[in-house]
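Since the structure is predicted, the reported quantities are computational estimates derived from the model, not experimental observations. Quick note: residue numbers are just sequence positions, from 1.
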Amino acid sequence: MLQCYFTPRSISPFISCQLSTTSVRTHSSPSPPPLLSFSAKSTPDSLSSPACALQCTHFQSCSGCTHEFDLHRPVIVEEATQFFNNLGVSDFTFDSCKLWGWRCRAKLAVRGLSTNPMIGLYQEGTHNVVDIPDCKAHHPNINAAVQLLKRGITELNVEPYDEDQGTGDLRYVQMAVTTYSTSLPSSERYKNGKIQIALVWNSRSETSQNSDKLNALANFLWKNGGARSNTHLVHSVWANFQTSSNNVIFGNRWRHLLGERDFWEHVGGIDICLTPSSFGQANTQAFDSLLRKLQKYVPYGASVADLYAGAGVIGLSLAATRKCRFVKCVEVNKESKLSFEKTVERLPDRVDGSISWHHADTSKDPLTWIMGSDVVVVDPPRKGLDASLADTLRDIASLKRKVKSLSKSPHLTDKKDEKRPWVLRAKEETVQIGSTALEPNHSLPQTLIYISCGWESFKEDCKMLLSSNAWHLAKAHGFNFFPGTQSIEVLAIFKRGQGVPQKKKKVLKKKKKPTNDSCHPLERGYLPPPSELLG
């Protein structure tokens with residue numbers, strides 16, 4: 001595959017490419033669904049590299065990718081380089097990551113006829129589905145699983161969903177790839193990934209009238225792609241039940257049908273478990289690269305607050321790799337709790353700190369969540385930080401007095417006096433691993449690690465955080481999570497205080513070159529006697 005590495009040189013980014021012989025938050029939003037439209041298409045220019053072109057037959061009609069050339073260098077990288085340079089970070093780096101076959105999680109609409117099903121994305125600005133059987137972004141096994149699903153739809157006469165009439169059987173399908181397989185060499189695991197197939201069925205439950213077709217389709221997929229088939233492609237088959245007429249893809253009811261129940265992946269140095277309803281990164285390898293980079297900025301033995309934590313993947317990877325004193329994960333989606341509990345069960349024995357997961361909204365009294373932490377990690381949805389959390393972080397230098405009063409407040413130690421409903425709910429939904437008998441710590445964080453999937457919202461949050469001089473931006477890195485789009489993932493490291501201004505480089509005046517008559521003997525190649533050298 002093609003591997004590209006980005007190194008900024010002053011303001012102008014430089015990217016080198018070489019060929020390798022090795023082969024291949026929003027957490028949920030009601031409208032529009034995450035598989036819909038993007039912006040206008042790009043065209044090649046004189047500087048485009050043919051080796052980094054998408055070369056996808058679906059590009060003109062599919063809304064998934066927005067530019068076809070220079071996958072290794074989205075145009076936004078130049079803007080990001082300039083932005084960070086203006087803030088004193090001149091060593092911004094960009095990891096171009098895997099350029100094709102990178103997507104390990106895809107939500108696809110199912111439309112058309114049973115005799116000619118279409119499985120893909122909406123055409124830009126419409127609800128007309130574009131069939132994408134040869135998508136270059138998809139992991140190759142996702143495309144293979146889509147072809148198998150089409151065969152099952154046709155052979156079993158399963159009706160794709162009709163949006164206008166609200167009729168049909170199959171509305172959407174989610175394909176998720178697990179590359180976790182300890183029986184294979186690490187170099188073979190990615191290309192042999194197995195697919196977890198989640199069928200979004202147009203009914204209220206598994207007892208509805210068309211449930212026979214659902215079971216028949218699941219059996220077809222397992223028989224032809226399961227563990228005992230000639231080609232082991234399918235990890236498991238799940239069903240989700242949805243009858244709503246809005247743009248929300250998933251309903252609230254899930255059912256495991258066939259195959260393995262637990263879906264495992266290895267990222268950031270730990271095994272993680274994800275349910276079909278859990279938020280998972282689409283680009284597994286890029287996410288692993290980001291985690292490895294992030295870990296370097298967390299001191300050994302630190303206390304960490306992981307906000308917008310999801311299933312706690314970031315916090316748990318830090319607990320395992322940085323031997324954290326405690327890790328506190330806070331997440332508003334209660335569906336992530338089960339994944340967190342299963343992941344904790346596989347943590348290495350060396351992890352002996354205190355770990356907790358809280359079902360809570362970080363926008364409610366955010367100071368209580370960051371207090372006592374050396375490091376705060378935030379991974380907000382595309383819209384950026386909640387306003388209350390952003391204000392708390394911006395004004396953190398002036399909160400010492402408030403922290404002292406909170407430390408003496410009875411509600412922190414006496415559960416009977418606690419009346420705030422969001423705190424009570426968080427305590428009820430808390431998962432606690434390890435010792436809770438830690439000495440009270442009411443310090444405020446010295447490091448803020450911001451992971452952003454929304455460039456525009458990050459710029460606003462970044463300027464706001466720096467406006468009070470309570471933080472300075474120390475480092476910034478970019479990752480190509482979605483090649484073919486004008487989107488980058490940003491890892492930014494903020495430190496407390498104003499920082500040290502960059503020293504201007506001294507301009508050395510060139511000395512005049514002496515003539516041979518006045519030149520030192522050593523410069524003429526003449527070696528004088530020792531007496532001259534010592535004298």
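- A distance-only check finds no donor-acceptor pair linking the side chain of D131 to the backbone of M118 [under 3.5 Å].
- Contact of the E489 side chain with the I451 side chain is registered, since non-hydrogen atoms from C-beta on lie closer than 4.5 Å.
- Not a single donor-acceptor pair under 3.5 Å links the side chain of T447 to the backbone N or O of V375.
- E341 pairs by the salt bridge (Lys or Arg N to Asp or Glu O under 4.0 Å) definition with nothing, not counting sequence neighbours.
- Contact of the L347 side chain with the I355 side chain is registered, since non-hydrogen atoms from C-beta on lie closer than 4.5 Å.
- Partners of T275 under the side-chain hydrogen bond (donor to acceptor under 3.5 Å, both in side chains) rule, at least two apart in sequence or in another chain, are S277, S278.
- Looking at residues two or more places apart in sequence or on another chain, you find a salt bridge (Lys or Arg N to Asp or Glu O under 4.0 Å) between E188 and K191.
- A donor-acceptor contact closer than 3.5 angstrom is absent between the side chains of Q147 and N143.
- Take S363 and apply the side chain to side chain contact (heavy atoms under 4.5 Å, CB included) test, not counting sequence neighbours, and it matches D361, D386, S388.
- Between Y190 and H139, the angle of the ring planes lies from 30° to 60°, which puts this pair in the tilted group.
- Taking a 6.0 Å sphere around NZ of K495, one finds it holds more than 12 heavy atoms contributed by other residues, nucleotides or ligands.
- Going from atom CH2 of W471 over to atom CE of M464 covers 11.0 Å, rounded to the nearest 0.5 Å.
- The NZ atom of K383 sits 15.5 Å away from the CD atom of E460 when rounded to the nearest 0.5 Å.
- Considering only heavy atoms from C-beta on, T93 stays 4.5 Å or farther from D91 through its side chain.
- Residue L318 forms a side-chain contact (heavy atoms from CB on, under 4.5 Å) with just one option from V304, L291, I270, and that option is V304.
- With sequence neighbours excluded, the residues forming a salt bridge (Lys or Arg N to Asp or Glu O under 4.0 Å) with D288 are R292, listed by chain and number.
- For F287, there are no ring-ring contact (aromatic ring centres under 6.0 Å, His included) partners two or more places apart in sequence or in a different chain.
- Looking at residues two or more places apart in sequence or on another chain, you find a salt bridge (Lys or Arg N to Asp or Glu O under 4.0 Å) between E79 and K459.
- One N or O on the side chain of D374 and one on the backbone of S303 form a donor-acceptor pair closer than 3.5 Å.
- Checked against ring-ring contact (aromatic ring centres under 6.0 Å, His included), F494 has no partners two or more places apart in sequence or in another chain.
- For T179, the side-chain hydrogen bond (donor to acceptor under 3.5 Å, both in side chains) partners are E265, not counting sequence neighbours.
- Not one N or O on the side chain of K475 forms a donor-acceptor pair closer than 3.5 Å with the backbone of L473.
- Between L465 atom CG and L385 atom CG the span is 6.5 Å, to the nearest 0.5 Å.
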In sequence, state the C-alpha distance, the side-chain angles, and the governing distance for E78 and R73, and then conclude on salt bridge (Lys or Arg N to Asp or Glu O under 4.0 Å).
CA-CA 9 Å; E78 296 179 11; R73 188 194 62 172; 3.6 Å; yes

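- Residues satisfying the ring-ring contact (aromatic ring centres under 6.0 Å, His included) criterion with F481, sequence neighbours excluded, are absent altogether.
- To the nearest 0.5 Å, atom OG of residue S63 and atom CD of residue Q123 are 8.5 Å apart.
- The backbone N or O of K98 sits nowhere less than 3.5 Å from a side-chain atom of N283 that would complete a donor-acceptor pair.
- In this structure F83 satisfies the ring-ring contact (aromatic ring centres under 6.0 Å, His included) test together with W455, sequence neighbours excluded.
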For the pair R496 and I396, evaluate side-chain contact (heavy atoms from CB on, under 4.5 Å) and give the outcome as yes or no after the intermediate values.
CA-CA 9 Å; R496 287 284 297 278; I396 197 167; 3.8 Å; yes

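- Looking at Q486, its side chain never comes within 3.5 Å of a backbone N or O of T66 through a donor-acceptor pair.
- Distance alone, capped at 3.5 Å, places no donor-acceptor pair between the R322 side chain and the P299 backbone.
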Begin from the C-alpha positions of L108 and H138 and carry the test side-chain contact (heavy atoms from CB on, under 4.5 Å) through to its verdict.
CA-CA 11 Å; L108 305 171; H138 286 169; 4.1 Å; yes

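- Panel note: side chain R189, backbone L184; a donor-acceptor pair is recorded below 3.5 Å.
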For Q295 and V298, run side-chain contact (heavy atoms from CB on, under 4.5 Å): C-alpha distance rounded to whole Å, both residues' side-chain angles, the deciding distance at 0.1 Å, then the answer.
CA-CA 6 Å; Q295 290 163 1; V298 177; 6.0 Å; no

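- In this pair, H235 and F263 present their aromatic rings perpendicular. The plane angle is above 60°, beyond the 30 to 60° band.
- Residues V267 and S317 form no side-chain contact, since every pair of their non-hydrogen atoms from C-beta on lies 4.5 Å or further apart.
- Under a 3.5 Å cut-off, the side chain of N240 and the backbone N or O of F250 do not form any donor-acceptor pair.
- Residues passing the side-chain hydrogen bond (donor to acceptor under 3.5 Å, both in side chains) test with D271, sequence neighbours excluded: Y180, H266.
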Could you give me the CA-CA distance, side-chain angles and deciding distance for L316 and D306, then say whether side-chain contact (heavy atoms from CB on, under 4.5 Å) is met?
CA-CA 9 Å; L316 293 177; D306 180 10; over 6 Å; no

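- More than 12 heavy atoms of other residues, nucleotides or ligands shown are found within 6.0 angstrom of NZ on K328.
- A donor-acceptor pair under 3.5 Å is formed between the side chain of S289 and the backbone N or O of Q285.
- Interatomic distance, L87 CG to C462 SG, rounded to the nearest 0.5 Å: 5.0 Å.
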